[in-house]
Amino acid sequence: MTRVGDYQVLEPIGEGNSGTFYKARPPARLGLDVEFVTLKVMAGHATDKEFRQVANELRVFGAVRSEHLVSVYDAGQQNGRLFYAMGWYGEGTLDNPDVDPKTKLTAVVDAARGAHALHEVGVVHRDIKPSNILLDSGRGRLGDLGLAQILTPGMTTTGMGPIGSIEYMEPEVIWGERAARSSDIWSLGLTLHRVISGEGAYGVIPERNVLDAFRHVLHRRPVVSEQLPERFRPIVERAVAPERAERYQTAEEFADDLERVRR
Amino acid sequence: MTADVRVGLIPGDGMVMRIDETLVVVGRSEGIEPDVVDQLTRAIGETAGDDRVRRLARVLLAEDDPPPIAVATIGEDTVSVFLHGDVELTWPEGRAGGADHVLGVTETISLTAGFTLAAGDVADPGVEAWSDLGAGTVPGGGVLVAARDATPDEAEELLTPADDAPPTEETPIVDAAAEPPGPPAPPDADADADAAAETTDEDEADEDDEGDDEPFEAISLTDDVDLSDRAPLPVALAEPEDEDDRPPYERTIHVIGVYSPRGFFNHPDAKYCSRTGVKMGASRTMVLTEGPRPPLGVLTLDDGSTLTVRWNTVIGRDPTVDELVRTGQAAPFVVSDLAQSVSRRHALLELSDWDVIITDLGSRNHTYVQAGPNEPLRQLAADERLALHSGMIVHLGKRSFVYNEHHVR
């Protein structure tokens with residue numbers, strides 16, 4: 001049986017932008033009333049200081065106690081490897097195109113409300129995309145934060161995870177500006193576009209190397225697909241308006257608008 | 001190939017690849033997508049050193065049911081090996097197995113006589129054929145790598161498990177009965193093979209034990225944290241941030257350039273707007289004027305991570321030790337490197353007008369530059385200030401990055 005810290009690791013379930021997710025059994029010391037947790041093991045080695053920074057960020061995330069965010073339980077380090085435990089939902093993510101459209105919409109609205117709750121305590125999520133919105137009994141929960149920026153300040157994108165996730169990144173952030181509410185709002189807009197239309201707003205992003213993907217995204221404006229039902233178009237367009245000031249000012253406004261057109 | 005070695009193939013139902021100084025042993029070929037070999041080849045082409053090992057491992061671990069993997073990158077006198085799954089590394093001074101580390105394990109060993117890498121289900125770790133295996137992919141279950149100047153005896157010894165593997169303190173064989181039986185010894189097995197099987201079992205038990213005892217530290221994330229003193233993110237984004245709140249290196253620098261039709265500030269010679277790709281050249285845009293300097297380019301590191309170059313930056317393993325970083329004149333950018341071939345403060349990127357200038361900061365392993373992938377390496381002289389151009393490759397120890405300018409000259 002393989003272990004990370006005192007977790008029993010059962011199987012890998014996927015790669016995120018800064019580490020790998022595993023299904024695991026939690027240790028008794030947590031006193032959790034659940035059989036499984038999602039354990040994220042971060043790539044690379046971290047110093048003690050970095051561990052504390054990550055743990056602090058996650059504690060804030062956990063203290064928000066929103067039903068629209070995944071639960072976080074415990075952060076640890078072993079031999080310089082960081083890991084942290086989150087709720088196990090087991091129903092997949094919005095990355096699955098077969099989720100019924102109603103649930104998709106509900107889940108995007110939920111994720112937007114989760115993002116708003118984070119913004120209200122000064123945290124930008126930085127990693128909103130379909131595969132990071134988890135399904136839980138017909139509702140959505142926004143997954144864990146993009147933590148790479150905490151470990152390597154200044155890093156624009158990590159080399160981990162699929163290059164295609166650049167599709168959801170606000171161009172200002174790629175250009176090196178500070179992440180803001182608008183960064184998550186942009187990602188929510190393109191997430192909505194992807195899950196409802198089934199298409200990306202940038203066409204096919206070259207995945208051969210990071211730079212090509214960068215260029216593709218940086219020198220184009222997202223184009224709303226014909227496949228996106230008309231009533232969602234103004235919402236997506238406002239979320240990804242050319243200037244930050246023209247976008248939704250809060251993720252809550254985005255959620256409210258989306259809730260209004262939901263049928 | 002950096003080091004001069006001979007490679008012996010150990011039979012098995014996996015595959016063995018060699019490209020340049022990298023050897024990959026994949027423990028089984030069944031169920032592996034055919035394009036994995038292409039992906040591995042490409043990953044090798046785009047990377048070097050430790051990073052290559054990481055990239056290859058990532059390609060293989062992305063498989064639904066990852067096979068046992070060993071990736072060895074042979075340097076001048078050391079070998080860096082990544083093991084994942086049921087695969088074993090043996091060298092004259094010790095052994096390491098990937099089976100009990102869910103994340104895989106990385107070992108760096110010195111290349112004295114050589115080493116073997118073998119998937120766990122290889123019944124007879126004998127060499128089938130000596131080959132130079134200059135490049136390519138062949139079926140196999142492992143490799144024996146012998147330094148070219150190793151004697152035949154030394155080479156043969158590599159196949160024999162080391163007796164003097166470093167002892168672990170208090171290593172009771174825990175729950176040995178629950179362990180899966182080792183590979184059955186062939187009926188006519190000689191003493192060596194028996195010894196091999198035994199040591200394997202012991203080793204597995206040891207590592208299990210070690211895994212449980214490895215110290216770790218945990219912090220609860222469910223405690224109540226007082227959030228009342230945390231300010232919400234600003235809502236009005238149109239308001240420019242107060243410059244005085246930022247470190248000095250972040251302050252806006254004004255340079256001479258031209259505005260694009262949509263109002264983005266560009267290099268005076270730009271033919272196309274670096275931000276929108278729109279052709280420059282309408283009358284208004286041709287006026288040279290002073291404006292805030294935009295980001296000048298992007299570094300793509302060998303592990304695929306990127307850095308947008310906006311301001312003076314010190315690159316290194318721990319750039320916070322640099323005076324410019326301490327005084328807020330330059331941003332730190334961490335390039336991690338377990339092998340410590342990158343110095344704590346290795347190189348400085350300095351923005352001067354529209355150029356990004358690199359200087360070596362007296363690093364131990366120096367800074368090397370290449371005009372492109374097939375161009376010769378050149379060491380930056382002490383105090384040399386070199387302006388970077390698109391496509392240049394910069395090597396810092398075993399790590400490297402490619403620079404690309406945002407504006408088209």
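Below, all heavy atoms of this structure are taken into account, side chains as well, without hydrogens, waters or symmetry copies. Chain letters run A, B, ... following the sequence lines, proteins first and then strands; every chain starts at 1.
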Worksheet entry | chain A contact via B/V225 - side chain, backbone, both or neither, heavy atoms under 4.5 Å | both
Practice prompt. Pick one of side chain, backbone, both or neither for A/D6, based on which atoms fall under 4.5 Å of a heavy atom in chain B.
Written response: both
Item to complete: Below 4.5 Å from any heavy atom of chain B, which atoms of A/E246 appear? Answer side chain, backbone, both or neither.
Response: neither
Item to complete: Please name all residues satisfying side-chain contact (heavy atoms from CB on, under 4.5 Å) with A/V70, sequence neighbours left out, ordered by chain then number.
Response: A/F61, A/M86, A/Y89, A/L134, A/R141
Worksheet entry | B/R293, CZ: over 12 other non-hydrogen atoms inside 6.0 angstrom | yes
Worksheet item: Of the backbone (N, CA, C, O) and the side chain (C-beta and beyond), which part of A/D184 lies under 4.5 Å from a heavy atom of chain B, both, or neither?
Response: neither
Discussion item. Please rank A/G62, A/A63, A/A75 by heavy-atom pairs under 4.5 Å with chain B and give me the top one.
Written reply: A/A75
Worksheet item: So, for A/A55 and B/I219, which heavy atoms are closest and what is the spacing to 0.1 Å?
Response: CB-CD1, 3.8 Å
Worksheet item: Quick check: does any side chain N or O of A/R65 sit under 3.5 Å from a backbone N or O of B/T222, one acting as donor and the other as acceptor?
Response: yes
Discussion item. Among A/Y73, A/Y84, A/F51, which residue has the highest count of heavy-atom pairs closer than 4.5 Å to chain B?
Written reply: A/Y73
Worksheet, complete the sentence: Turns out that what part of B/T300 lies under 4.5 Å from chain A's heavy atoms comes down to side chain
Response to the item:
Minimal heavy-atom distance between B/R310 and A/E177, with the atoms involved, is NH1-CA, 3.6 Å
Item to complete: Below 4.5 Å from any heavy atom of chain B, which atoms of A/R220 appear? Answer side chain, backbone, both or neither.
Response: neither
Worksheet item: Which atoms form the tightest heavy-atom contact between B/P295 and A/W175, and what is the distance?
Response: CG-O, 3.0 Å
Discussion item. Among B/T308, B/V335, B/L221, which residue has the highest count of heavy-atom pairs closer than 4.5 Å to chain A?
Written reply: B/L221
Practice prompt. Taking all non-hydrogen atoms of both residues into account, name the closest pair between A/V60 and B/R230 and its distance.
Written response: CG2-NH1, 3.5 Å
Practice prompt. Would you mind checking which part of B/A331 comes under 4.5 Å of any heavy atom in chain A, side chain (CB onward), backbone (N, CA, C, O), both or neither?
Written response: neither
Fill in: Contact leader toward chain B among A/R221, A/R59, A/R52, where contacts are heavy-atom pairs under 4.5 Å
A/R59
Worksheet entry | Minimum-distance pair of heavy atoms, taken over all atoms of B/P232 and A/R181 | CB-NH2, 3.7 Å
Worksheet item: Can you tell me how far the CG atom of A/L118 sits from the CG atom of B/L233, to the nearest 0.5 Å?
Response: 9.0 Å
